[in-house]
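Take a look at the structure set out below.
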Amino acid sequence: MSDPAIPLRLEKVERRFRTEAGELPVLRGVDLSLHAGEIVALVAPSGTGKSTLLHLAGLLERPDAGEVYVDGRAAGGLDDAARTTLRREAIGFVYQFHHLLPEFTAEENVVLPQMAARVPRAAAVTRARELLAGFGLAGREEHRPGRLSGGEQQRVAIARALANAPRLLLADEPTGNLDVATSDRVFEQLLEAVRGRGLAALIATHNPELAARMDRTVVLRDGLLVAA
């Protein structure tokens, strides 16, 4: 069953990879529901399927079994074009390494995903400037990533993830490559932005202190999600 009040639901999701030694089960029937306004920490050791789970939730991969519901829509029966449209409209991504386009300015990095969604350029620029200012980057809009600090680059990446007003935010160790003090500041801004917009968010982290600042924690263990 679909429910638009639940921006993300995973239902008995399985993922297996083929290796020389045979099939390797990574996810064995994952169930998860995220409600609007809920921020959930995803905790898992490296190599246990955390990124795979996020890729499935973000419609970047297809599960071998089970179903992924995004914004109340079952994604399993959608073709690639429809999945891309749903991903662009409903999901924002933040990665550990910001993946900003180095040849474009901070403002342009936030404008581009909006233009891909056919937002008029003038409106896209206005929204980009508002988002960047909200993250303390007023006056830095015309700087390319190479002229920004690590914390500034990650704040641009968060602004970019929010540019198309998604209902779901997925983040994979979003402050993992920052020093402790910068990580704390950027993470607090991320939480404030998500809570202020009432998004559902799934944020992977190895840091128990960061996980404790979220609404609840789920742990990926032996291919299943369990409450912390």
Side-chain angles (χ1 to χ4, degrees), residues 1-13 15 27 29-44 49-63 66-76 78 82-96 110 113-114 117 127 131 134-135 154-155 157-176 186-205 207 210-220 224-228:
M1 294 176 59
S2 65
D3 184 347
I6 301 177
L8 175 66
R9 188 164 89 253
L10 308 181
E11 199 171 83
K12 305 300 180 188
V13 166
R15 189 74 170 98
L27 303 177
V30 166
D31 292 310
L32 176 67
S33 292
L34 262 66
H35 295 263
E38 183 180 36
I39 304 176
V40 176
L42 171 62
V43 176
K50 169 177 56 66
S51 293
T52 296
L53 191 155
L54 289 171
H55 287 172
L56 291 169
L59 308 184
L60 296 171
E61 297 181 25
R62 292 181 183 267
E67 184 59 279
V68 178
Y69 296 88
V70 173
D71 207 15
R73 296 183 63 188
L78 301 179
R83 286 167 64 88
T84 297
T85 298
L86 180 57
R87 183 168 59 245
R88 181 186 299 135
E89 293 177 349
I91 304 173
F93 294 88
V94 183
Y95 298 99
Q96 177 176 353
V110 183
Q114 298 179 75
R127 177 159 176 79
L131 284 166
F135 283 105
Q154 197 63 315
R155 281 182 278 163
I158 297 168
R160 178 183 59 186
L162 298 173
N164 285 330
R167 296 193 65 230
L168 170 65
L169 183 82
L170 302 173
D172 193 355
E173 298 286 351
T175 59
V186 172
F187 192 79
E188 190 59 40
Q189 288 185 303
L190 172 61
L191 291 184
E192 288 178 3
V194 170
R195 288 200 170 102
R197 290 166 174 78
L199 306 184
L202 183 62
I203 301 178
T205 181
N207 188 327
L210 296 185
R213 291 158 68 178
M214 297 184 237
D215 298 320
R216 62 185 170 102
T217 298
V218 293
V219 179
L220 185 59
L224 295 171
L225 280 181
V226 297

Can you list the steps and then say if Arg15 with His55 is a side chain to side chain contact (heavy atoms under 4.5 Å, CB included)? CA-CA 11 Å; Arg15 189 74 170 98; His55 287 172; over 6 Å; no
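- In this structure Thr85 satisfies the side chain to side chain donor-acceptor pair (under 3.5 Å) test with no other residue, sequence neighbours excluded.
- Distance check, rounded to the nearest 0.5 Å: CG of Leu190 to CG of Leu162 gives 8.0 Å.
- When the side-chain contact (heavy atoms from CB on, under 4.5 Å) test is applied to Ala157, the partners found at least two apart in sequence or on another chain are His98, Leu100, Gln154, Arg160.
- With sequence neighbours excluded, the residues that form a side-chain contact (heavy atoms from CB on, under 4.5 Å) with Val40 are Leu34, Glu38, Leu202, Arg216, Val218.
- What you find for Leu199 and Pro166 is that their closest heavy atoms are CD2-O, 2.8 Å.
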Hey, mind stepping through Ile203 and Phe187 against side chain to side chain contact (heavy atoms under 4.5 Å, CB included) and telling me if it holds? CA-CA 10 Å; Ile203 301 178; Phe187 192 79; 4.1 Å; yes
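- In terms of modelled atom types and a separation under 3.5 Å, the side chain of Arg155 and the main chain of Phe135 share a donor-acceptor contact.
- To the nearest 0.5 Å, atoms CG (Leu168) and CD1 (Ile6) are separated by 12.5 Å.
- With rounding to the nearest 0.5 Å, the separation of CD in Gln114 from CG in Asn164 is 5.5 Å.
- Of all heavy-atom pairs spanning Leu54 and Ala171, the tightest one is CD1-O, 3.9 Å.
- Considering CD1 of Ile158 and CG of Leu131, their distance stands at 11.0 Å, rounded to 0.5 Å.
- The nearest pair of heavy atoms linking Ala159 to Val110 is O-CG1, 3.9 Å.
- Annotation: side chain of Glu173 is in contact with side chain of Thr205 (closest heavy-atom distance under 4.5 Å).
- Separating the CZ atom in Phe93 from the CG atom in Leu170 is a distance of 5.5 Å, to the nearest 0.5 Å.
- Between Ala200 and Pro7 the shortest heavy-atom distance is CB-CG, 3.8 Å.
- Between Ala82 and Leu78, the shortest heavy-atom distance links the atoms CB-CB, 3.9 Å.
- Formation of a donor-acceptor pair under 3.5 Å by the Arg83 side chain with backbone atoms of Glu61 is found in this model.
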Step by step, work out the side chain to side chain contact (heavy atoms under 4.5 Å, CB included) result for Lys12 and Asp31. CA-CA 5 Å; Lys12 305 300 180 188; Asp31 292 310; 3.0 Å; yes
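- In this structure Leu224 satisfies the side-chain contact (heavy atoms from CB on, under 4.5 Å) test together with Arg28, sequence neighbours excluded.
- Side-chain contact between Leu10 and Leu56 is absent, with no heavy atoms from C-beta onward closer than 4.5 Å.
- The CD1 atom of Ile91 sits 4.5 Å away from the CG atom of Leu59 when rounded to the nearest 0.5 Å.
- Residues satisfying the side chain to side chain donor-acceptor pair (under 3.5 Å) criterion with Gln189, sequence neighbours excluded, are absent altogether.
- Of all the heavy atoms in Arg62 and Ala75, the pair that sits closest is NH1-O, 4.1 Å.
- Identified under the salt bridge (Lys or Arg N to Asp or Glu O under 4.0 Å) test for residues 190-203, with sequence neighbours left out: Arg195-Asp215.
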Test Val70 against Arg87 for side chain to side chain contact (heavy atoms under 4.5 Å, CB included), laying out the working first. CA-CA 8 Å; Val70 173; Arg87 183 168 59 245; over 6 Å; no
